[in-house]
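Below: one structure, written as structure tokens.
Being a predicted model, the structure only gives us computed values, none of them experimental. One is the number of the first residue; the rest follow in order along the sequence. Counting convention: from 1, in listed order, for ligands and their atoms alike.
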Amino acid sequence: MDAFDFAAATGGDITGAVVDNVTGSGVAYLVTVSISGGYGTIQLNVLNDGTISDGVETLSSGFTNGEVYTRVESSVVTFTSDGTLDGWILESSETSGAGGTLNSTAATLNLGDAAGDKQYRAILHFDTSALPDNAIISSAVLKLRKKSVNGMDPFSVLGALRVDMRKPDFGTPALTLNDFKSAAGRKNVASFDAVPVGSWYSANLNNTGRIYINRTGTTQFRIYFVTDDNENNLADFIKFFSGNAGAPRRPKLVIHYFIP
Ligand SMILES: [Ca+2]
Ligand SMILES: [Ca+2]
Ligand SMILES: [Ca+2]
Ligand SMILES: [Ca+2]
């Protein structure tokens, strides 16, 4: 058997379907079909050109009802962080590991450290319920737009900007001091790239995070630099626009998904 014994029938707008390899022997063969693009169905058929033979008998008819494979187009949806529920929390003292003050109304989120070697953390809040309940998420990217830096750039002195998550929220929908330390549903699901593109920093969620995203309610993210402070007693933090900023600058969650 060779590639000329097969044909790939296509539906939809699949283009460039070619049977490009046949391997195997005896009763089992592996047939590889490649396409150049498009979405729809691909069905593998066996032709009847009188050349398929086991040495004794020659196949006398083709086979045109092989299994149908479907390549589905992914959908993309962009969620925006809810300004009434997102915000930043500042640690109560250098080593408390607990929230001391918070702000849910400012147009910016602070991340890094403050005077007194206290750590900033931020909560983002997305209503992700519009996702189909059976959506399979192929990519989920958090995006934050930088406004300015105070002191040293924390991306240079505080390590990676890390992401934890919890659904439907970290305890209550509203921002509370307890959100600084309340248990995460999933830890370390992403880190932001240290280099922005046009002032936007991106974090690509790993598979654990993608699976955990709430298809039927809300999803919150807690964001913080891995190193809590740089021991200089001075404020070194970055300001990102929050959900209270003008719409084009708000934190985003961009999701690509498909329906199985
Ligand atoms: Ca807010
Ligand atoms: Ca500290
Ligand atoms: Ca849903
Ligand atoms: Ca500092």
Exercise. Tell me, please, if Asn244 has any N/O/S atom, main chain or side chain, under 3.0 Å from the Ca ion (ligand 1)?
Key: yes

| request: Kindly confirm whether the Ca ion (ligand 4) is within less than 3.0 Å of some N/O/S atom in Asp117? | output: no

The O(Asp86)-the Ca ion (ligand 1)-O(Ser104) angle, to 10°, is 90°

Flag Asp113 as yes if one of its N/O/S atoms falls below 3.0 Å of the Ca ion (ligand 4), otherwise no.
yes

Strictly under 3.0 Å, is any N, O or S atom of Leu109 next to the Ca ion (ligand 1)? no

We want to know whether Ser148 and Asn150 form a side-chain donor-acceptor pair, criterion being a heavy-atom distance below 3.5 angstrom.
no

Quiz prompt | Heavy-atom side-chain proximity of Phe240 to Leu111 below 4.5 angstrom | solution = yes

### Query
If you draw a 6.0 Å radius around OH in Tyr69, do more than 12 non-hydrogen atoms from other residues or ligands fall strictly inside?
no

- Mind checking whether the Ca ion (ligand 4) has an N, O or S of Leu234 under 3.0 Å? yes

Answer key: the N, O or S atom of Asp236 nearest to the Ca ion (ligand 4) is OD2

* To do: State, yes or no, whether a side-chain contact exists between Ile89 and Leu177 at a heavy-atom distance under 4.5 Å.
  => yes

For OD1 in Asn230 and OD1 in Asn232, the angle at the Ca ion (ligand 4) (nearest 10°) is 80°

Practice task
Determine, for Asp164 against Lys187, whether the closest basic-nitrogen to carboxylate-oxygen distance falls under 4.0 angstrom.
Solution key: yes

**Message:** With respect to the Ca ion (ligand 2), please indicate if Asp229 possesses an N, O or S atom at a distance under 3.0 Å.
**Reply:** yes

Evaluate whether atom NZ of Lys167 has more than 12 neighbouring non-hydrogen atoms of other residues, nucleotides or ligands under 6.0 angstrom away. yes

ang(OD2 Asp228, the Ca ion (ligand 2), O Glu94) rounded to 10° is 110°

Next on the checklist: A side-chain contact here means heavy atoms from C-beta on lying under 4.5 Å apart; do Leu124 and Leu142 qualify?
Outcome noted: yes

